[in-house]
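One-based numbering, in listed order, for ligands and for the atoms of each. The model shown is predicted, which means the values in this text are computed figures rather than measured ones. Along the sequence shown, residues are numbered consecutively beginning with 1.
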Amino acid sequence: MLDRTTTDTQRLLIDGRRIAAGSGRSFETLNPATGEVLAHVAEADAGDVDAAVRSSRAALDGEWGHMRAADRGALLLRLAELVRQNADELTRIESLDSGKPVSAIRRQDLPAVIDTLTYYAGMADKINGQVIPARPDALTYTIREPLGVVGAIVPWNFPLMIGMWKIAPALACGCTVVLKPAEITPLSALMIGELALEAGIPAGVLNVVPGFGQVAGQAIVDHPDIDKVTFTGSPRVGHQILQGAAGNFKRVTLELGGKSANIIFPDADIDSAVKAAGSGIFFNTGQVCSAGSRILVHESIHDEVVERLAARAAGMRIGDPLESGTNMGPIVSEAQMNRILDYIDIGRKEGAHIVTGGNRIGDRGYYVEPTVFAGVHHEMRISQEEIFGPVAAVMPFADEDDAIRIANGTAYSLAAGVWTKDVTRAHRFTRELRAGTVWVNTYGPTDIRLPWGGVRDSGFGREHGEAAIDNFTEPKVVWINTGR
Ligand code: NAD
């Protein structure tokens, strides 16, 4: 039983109130560990999105828009404290809705949410303009104004964490937010919206409109009074968002997919490399934009790495995500599970060899075995396309040039890893790998202080750090004629 599903339907959160969708419609969100209905959720359409945007605009023109920056920061800190106090319930809701193991949410998602809020709380009153002495007869300077109403559209793989990557900097800058969570994981966003109100963040500053992408999401993209869309999701939807945003020249940030290469040289610490390669692809059931889904191994150690990686896959503790010992839960939905199983089939037909895994587990819930493919060729679809599941494509390389050619040879450029003790080689690779982040002798860590994002089919713009402040502010020039 969800503690916060005391009403029949989880209602929208608009202007500080939980309200039914204008259409009266709702949709089901399922527990992927069982396939059973977890809650009914009000389904926002264009009319509801419009009400949310009007509320967010009014908040911007009202108390929120006139608040001291330091006070905005204090409210974000208060929200961080409430997240801490409600950690157990948030963890449970996130786990039930997404299938993420509670152990992972406790270790990663929630600390990241709190860190994000704390970091941007501290930044709220440090968003400075510049005095730029352009001419002797003028005082010329910039101020950085909030961009306005932000539409935040988030995916289901890290609903809380990715949502907060958008909410916290937007609010620190003085913007207001209309948040649309993914339709398969809407619950934690509604709870964050409630906690924001409890923290004292004024009504309308954060509205939450669960609903389907083609309806509620598209309504955000098309809305003429939204100034910016910040989106994390697939390249396919990224294209649609760019096209829709052109209508009123909305600013857009896109964090899209990846097919990241994790490259292992023989001089690396092989124990650490294999361990990180395993977590790089199996963490969060492989549903990670920066998953190290292509593992490139020097031919001299290829067979050994494949064998050890397969042993790690077989050793994963797969099961009920609510059990603290589980380190791999179900896939988020039946559709996503079927997509992964289809890709496994494609890999087989392309001639790659399954070393371990390859099957659905049981018939209750959406579990898939951690899978390792060897004998993968760079041109195969399982090497080129994002599977977004626990499926590793391992391939050998002959030398540095070969590794770079393969690593850079997909449409994506989000992240990459390289394992070597040769410092000059490490530097060569950090320069030559096309990626927003290159990890050396580690794989996967992110930090809110460091810019995050990609290029090409992985999107554009950067979240995190000071880069996010640029995403949510616009510089204004003031030119004061001082005479002479
Ligand atoms: P998705 O693109 O299908 O959906 C993402 C969000 O967009 C959802 O909220 C969905 O409802 C909404 N949406 C769908 N159609 C829309 C439309 N026409 N207009 C507006 N919104 C619409 O992606 P997903 O399946 O939820 O997530 C998986 C994808 O996200 C993967 O490709 C993954 O790599 C990517 N991702 C990227 C990052 C990153 O930081 N780069 C992080 C996590 C996930």
Side-chain angles (χ1 to χ4, degrees), residues 27 29 41 43-46 49 97-98 100 109 112 151-166 178-186 188-189 208-223 226 229-245 247 250 252-260 283-293 331-333 335-340 343 385-389 410-415 435-437 444 446 448 450-464 467-468:
F27 62 96
T29 183
V41 183
E43 181 189 328
D45 64 11
V49 167
D97 210 10
S98 70
K100 294 163 80 76
D109 302 52
I153 302 176
V154 302
W156 40 258
N157 59 341
F158 295 90
L160 264 176
M161 188 180 82
I162 293 180
M164 197 51 74
W165 287 356
K166 301 179 187 310
V178 176
L179 172 67
K180 197 206 82 64
E183 47 271 51
I184 34 185
T185 54
S188 59
V208 187
V209 285
F212 292 100
Q214 302 297 332
V215 181
Q218 194 65 46
I220 286 176
V221 173
D222 292 340
H223 201 290
I226 288 188
V229 173
T230 168
F231 171 75
T232 300
S234 61
R236 183 183 59 79
V237 176
H239 278 130
Q240 292 176 10
I241 287 182
L242 263 190
Q243 282 162 10
K250 284 184 188 68
V252 175
T253 306
L254 299 177
E255 303 286 353
L256 309 176
K259 192 73 191 177
S260 300
F283 172 67
N284 209 42
T285 330
Q287 302 168 124
V288 180
C289 52
S290 54
S293 49
I331 304 300
V332 74
S333 68
Q336 184 63 16
M337 176 187 72
N338 288 335
R339 197 178 116 97
I340 293 165
Y343 266 113
E385 298 174 21
E386 186 180 45
I387 299 175
F388 226 55
T410 75
Y412 294 104
S413 291
L414 184 60
T437 296
T446 61
I448 197 63
L450 300 169
W452 177 253
V455 291
R456 303 164 72 237
D457 279 17
S458 296
F460 57 74
R462 291 292 181 270
E463 297 196 289
H464 297 190

Within a distance under 4.0 Å of any heavy atom of Gln240, pick out the atoms of ligand 1 and give their elements. 17 (C), 18 (N)

State whether the side chain of Thr285 and the backbone N or O of Gly389 hold a donor-acceptor pair below 3.5 Å, judged by distance alone. no

Tell me every residue that passes ring-ring contact (aromatic ring centres under 6.0 Å, His included) with Phe158, counting only those two or more places apart in sequence or in another chain. none

Nearest neighbour in protein (non-hydrogen) for atom 35 (C) of ligand 1: Gly233 O, 3.1 Å

Return a yes/no value for Pro235: is any of its N or O atoms, backbone included, closer than 3.5 angstrom to an N or O of ligand 1? no

Heavy-atom contacts under 4.0 Å between Phe231 and ligand 1: side chain, backbone, both, or neither? side chain

Using the side chain to side chain contact (heavy atoms under 4.5 Å, CB included) rule, pick out the option among Ile162, Thr185, Leu160 that qualifies with Val154. Ile162

What atoms in ligand 1 come closer than 4.0 Å to a heavy atom of Ile162? 42 (C), 43 (C)

For Thr410, is there any backbone N or O sitting under 3.5 Å from a side-chain donor or acceptor partner on Arg456? yes

For ligand 1, indicate whether the residue Val154 contacts it via side chain, backbone, both or neither (heavy-atom separation under 4.0 Å). backbone

CA sep, side-chain torsions, deciding dist, call: Asp457, Glu386, side-chain contact (heavy atoms from CB on, under 4.5 Å): CA-CA 11 Å; Asp457 279 17; Glu386 186 180 45; over 6 Å; no

So, do Leu256 and Phe231 sit near enough that their side-chain heavy atoms are less than 4.5 Å apart? yes

Within the 4.5 Å heavy-atom criterion, are Gln240 and Val221 side-chain neighbours or not? no

Atom 10 (C) of ligand 1 has as its nearest protein heavy atom Glu183 OE1, 3.5 Å

If we only count N/O pairs under 3.5 Å, is Ser458 in contact with ligand 1? no

Once ring-ring contact (aromatic ring centres under 6.0 Å, His included) is applied, do any residues pair with Phe460, and if so which ones, sequence neighbours excluded? none

protein heavy-atom neighbour closest to atom 39 (C) of ligand 1 works out as Cys289 SG, 3.1 Å

Starting from atom 14 (C) of ligand 1, which protein heavy atom do you reach first, and at what distance in Å? Gly213 CA, 3.4 Å

Could you tell me the residue and atom name of the protein heavy atom closest to atom 44 (C) of ligand 1, and the distance to it rounded to 0.1 Å? Asn157 ND2, 3.3 Å

Any non-hydrogen side-chain atom of Lys259 less than 4.5 Å from a side-chain atom of Ile387? yes

Between Thr232 and ligand 1, find which residue part has any heavy-atom pair under 4.0 Å and reply side chain, backbone, both or neither. both

For Ile153, the ligand 1 atoms with a heavy-atom partner under 4.0 Å come out as 6 (C), 7 (O), 9 (O), 12 (C), 20 (C), 21 (N)

Counting each atom of ligand 1 from 1 as listed, which ones have a heavy atom of Gln214 under 4.0 Å away? 15 (N), 18 (N)

Is it the case that Lys166 and Thr230 place a side-chain donor and acceptor less than 3.5 Å from each other? yes

Could you find the nearest protein heavy atom to atom 20 (C) of ligand 1 and give me its residue, atom name and distance? Gly217 C, 3.2 Å

Judged by atom type as modelled, is there a donor-acceptor pair below 3.5 Å linking the side chain of Gln336 to the main-chain atoms of Phe388? yes

Can you confirm whether something in the protein, heavy atoms only, sits under 4.0 Å from atom 23 (O) of ligand 1? yes

Counting from 1, what ligand 1 atoms have a heavy atom of Trp452 closer than 4.0 Å? 40 (O)

Looking only at protein heavy atoms, which one is nearest to atom 31 (C) of ligand 1, and what is the separation? Glu386 OE1, 3.4 Å

Do Ser290 and Trp452 touch side chain to side chain, with heavy atoms closer than 4.5 Å? yes

To which protein heavy atom is atom 27 (O) of ligand 1 closest, and what is the distance rounded to 0.1 Å? Pro155 CB, 3.5 Å

